[in-house]
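Whatever order the structure lists them in is the order used to number ligands and atoms, beginning at 1. Owing to the predicted nature of the structure, the values given are computational and were not obtained by experimental measurement.
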Amino acid sequence: MPPCLSIVIVDTLKKILGTAPKTLHEPRFQGNEHRYVRDCIDSTFVSSVGAYVDRFERELADYTGSRRAVAVVNGTAALQVAMQLAGVRSGDEVIVPTLTFVATANAVHYLGATPHFADSEMGTLGLDPVALREWLTHCSEQVAGGTRNRYTGRPIRALVPMHTFGHPCDMEGLMAVAHDYGLALVEDAAESLGSRYQGRHTGTFGKLGALSFNGNKIITTGGGGAILTQDEKLADHAKHLTTTAKQPHRWEYVHDEIGYNFRMPNLNAALGCAQLEKLPGFLVSKRHLAVAYQGAFANTPAVHLVQEPVGCESNYWLQALILDETVADQRDAILNATNEAGLMTRPAWTPMHQLAPYRHCPHAPLPVADSLVRRIINLPSSAGLV
Ligand SMILES: *Cc1c(COP(=O)(O)O)cnc(C)c1O
């Protein structure tokens with residue numbers, strides 16, 4: 001009898017990572033983090049005004065090739081405001097993958113809209129444009145002003161692809177669907193800073209995109225996010241909305257719409273500026289780890305690692321092992337054995353359509369996401385592991 005798969009996986013991981021415990025993903029502060037944060041404190045501008053916010057926004061825009069970037073308190077807020085600026089209103093539906101972190105669906109709900117879940121592709125783990133088109137042909141109708149769900153009667157307003165674990169989705173296919181159905185495209189690029197699709201940075205394809213700098217992302221500001229857009233007017237509006245919509249004035253408090261206090265504090269932006277300097281090194285390190293995992297598991301039957309899609313450059317934020325269907329029933333044994341051995345592994349998120357708050361929401365057939373969820377195991381992925 002061949003050795004049990006969970007033992008093979010633990011042994012293979014130990015060969016690459018050593019025997020000391022490993023977390024799933026941890027931040028790394030080996031650059032100017034202390035210097036910039038101390039400078040920020042010394043300046044007393046730690047909060048909602050300060051030079052690091054402007055600098056971080058400018059450097060993010062330069063790095064991603066986006067015309068503008070607006071820094072905010074977290075990625076969820078970035079998504080919420082991006083969708084609002086893309087035209088999502090109360091009563092609308094928004095197409096999002098069921099295979100995503102809950103923030104994507106929550107941001108839709110915060111706007112009074114309803115998430116409408118769609119299936120993923122095996123190769124990219126992101127929204128499948130072919131299946132989505134087929135589903136929209138079936139479930140929607142064209143009315144004055146756009147696309148309507150023929151079952152719920154609600155407008156389908158926007159399409160929000162998410163670049164899973166940093167692997168870009170099929171943007172060409174998804175942009176075509178968005179175009180043909182008149183849907184606003186907003187990218188959830190929370191996991192994909194540093195990832196490119198046909199040379200272009202993720203988050204810059206849609207009308208707006210959202211980044212996250214949460215503690216577990218490829219770079220962190222403690223907590224933080226950013227809205228990317230190619231449209232100066234939208235960027236100015238994003239800034240306005242996320243800073244309480246206050247009209248500039250020397251002393252009057254005049255707010256011309258209902259805004260949010262979503263601005264990124266200067267202290268967090270200081271950390272972000274230092275982290276951004278380290279991003280190229282993190283990308284190299286994560287690619288090394290991906291190559292090491294691929295080599296080590298090359299001869300392990302019934303498993304494979306997710307690799308960057310053709311024509312893409314993935315940031316390899318989270319490494320993912322995929323079990324063949326034939327061994328999917330061993331997932332929990334593998335999760336158990338690896339965690340017991342001090343090697344932190346995690347399954348994929350519970351898909352959105354199975355979560356209590358979203359169980360009633362409309363969804364396409366979801367065979368691929370349902371299968372992937374039973375088969376994904378995320379491996380230790382921090383920069384600097386190998
Ligand atoms: C992390 C993440 C977010 C939200 O980011 P926060 O900064 O934690 O609010 C949104 N979507 C996805 C897919 C994420 O992984």
*Check whether the ring centres of Tyr316 and His288 lie less than 6.0 Å apart, and answer yes or no.*
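No, ring centres 6.0 Å or more apart.
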
*asked:* I'd like to know if Lys278 and Glu33 make a salt bridge, using a cut-off of under 4.0 Å between side-chain N and carboxylate O.
replied: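 Between Glu33 and Lys278 there is no salt bridge, as every charged N stays at least 4.0 Å from the carboxylate O atoms.
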
*asked:* Check this for me: does any side-chain nitrogen of one of Arg68 and Glu57 sit under 4.0 Å from a carboxylate oxygen of the other?
replied: no

What donor-acceptor contacts under 3.5 angstrom involve side-chain atoms of residues 295-305, with partners at least two apart or in another chain?
none

*List, by chain and number, the other hydrophobic cluster members for Phe45, where Ile, Leu, Val, Met, Phe, Trp and Tyr join if side-chain heavy atoms come within less than 4.5 Å, directly or indirectly.*
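Hydrophobic cluster check, Phe45: joined to Val49.
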
_Nonpolar side-chain network containing Val143, other nodes, edges under 4.5 Å_ =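 Direct or chained contacts put Val143 with none.
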
Just the distances, no angles: every ligand 1 N or O to protein N or O pair closer than 3.5 Å, one line each.
from	atom 1	to	atom 2	distance (Å)
ligand 1	5 (O)	Ser212	OG	3.2
ligand 1	7 (O)	Gly75	N	2.7
ligand 1	7 (O)	Ser212	OG	2.7
ligand 1	9 (O)	Gly75	N	3.3
ligand 1	9 (O)	Thr76	N	2.9
ligand 1	9 (O)	Thr76	OG1	2.5
ligand 1	11 (N)	Asp188	OD1	3.4
ligand 1	11 (N)	Asp188	OD2	2.8
ligand 1	15 (O)	Glu191	OE2	2.6
ligand 1	15 (O)	Lys217	NZ	3.2

